[in-house]
Each structure stands twice: as C-alpha cells, then as structure tokens.
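These numbers were taken from a predicted model, which means no experiment stands behind them.
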Amino acid sequence: MYAVGSVVQAVGMATGIAGTAGQIDMAGVGYVLFFLLLAAGDGVLAISCSRRFGLRKGVVVLGVLGAPVMLGVILLAVPMLLAALEYREPADVDNPAR
C-alpha cells in the first residue's frame with residue numbers, strides 16, 4: 001500500500017496535480033523503485049507462505065485487510081500518545097535558560 005501511495009504521489013507530481021514535475025529527482029525515483037521492489041518481494045513471500053502452509057482464503061483476506069488497519073492504528077496511536085504525554089526535549093545543561 002505504501003509503494004502504491006508513492007507511485008500515485010509521483011504520478012500526481014509528474015502531471016502537475018500535486019507539485020511540479022521539476023520536484024522529481026533521481027533520489028525520489030530511486031526511493032519509489034526501492035519500495036516497489038520491496039513490495040513485490042513481500043508479495044512473493046506472502047504467496048509462498050500461504051501456499052506452503054495451505055492457508056484458507058479467509059485467513060489470507062484477514063491478513064490483507066487487517067495489516068493496513070493495524071499499521072494505520074499504530075501510525076495514528078503513537079503520535080497521539082506522544083502528544084498526550086507532551087514530549088519535551090531534555091534541558092540543555094550548558095544553557096539553563098532553555
């Protein structure tokens with residue numbers, strides 16, 4: 001899902017919908033290609049494991065739908081927890097006025 005989002009963002013920048021095509025550089029292209037390669041490898045691994053262990057379709061669907069939900073909960077809950085705890089950087093011992 002992350003790789004798909006990166007590709008959509010790159011297409012949006014290339015077409016001028018979000019940002020400009022001039023903002024796309026080789027580092028950005030490499031970044032997107034790297035995560036596409038990782039996503040493809042993860043898909044191959046997932047298919048291999050599901051075939052090896054003979055997982056039922058329901059378990060596979062639960063994994064496909066549950067993983068993004070769990071990731072979203074983590075990515076939303078951690079920042080909310082940090083905001084609730086009001087994280088502050090440690091005081092600078094050399095500059096007590098800070």
Side-chain angles (χ1 to χ4, degrees):
M1 294 304 274
Y2 182 78
V4 173
S6 295
V7 170
V8 170
Q9 183 178 6
V11 169
M13 290 173 73
T15 58
I17 294 173
T20 63
Q23 292 175 310
I24 300 174
D25 58 358
M26 286 308 294
V29 171
Y31 176 82
V32 171
L33 291 176
F34 175 73
F35 277 98
L36 280 174
L37 180 67
L38 288 179
D42 190 44
V44 169
L45 182 63
I47 291 170
S48 172
C49 286
S50 67
R51 288 182 180 170
R52 177 178 294 159
F53 295 110
L55 298 176
R56 296 185 322 263
K57 297 279 185 195
V59 174
V60 173
V61 170
L62 180 63
V64 167
L65 297 177
V69 170
M70 191 63 179
L71 183 61
V73 168
I74 291 170
L75 292 175
L76 289 173
V78 170
M80 289 172 58
L81 179 64
L82 289 175
L85 296 175
E86 295 184 38
Y87 174 77
R88 296 190 182 124
E89 292 184 28
D92 189 359
V93 293
D94 295 331
N95 187 4
R98 194 175 154 196

Going hydrophobic residue to hydrophobic residue with side-chain gaps under 4.5 angstrom, can you get from Val59 over to Phe53?
yes

Transitive ILVMFWY cluster of Leu65 at side-chain heavy atoms under 4.5 Å: who else is in it?
Val61

Solution key, residues 43-52 side-chain donor-acceptor pairs under 3.5 Å, sequence neighbours excluded:
unit_1, atom_1, unit_2, atom_2, d
Ser50, OG, Ala46, O, 3.3
Ser50, OG, Ile47, O, 2.9

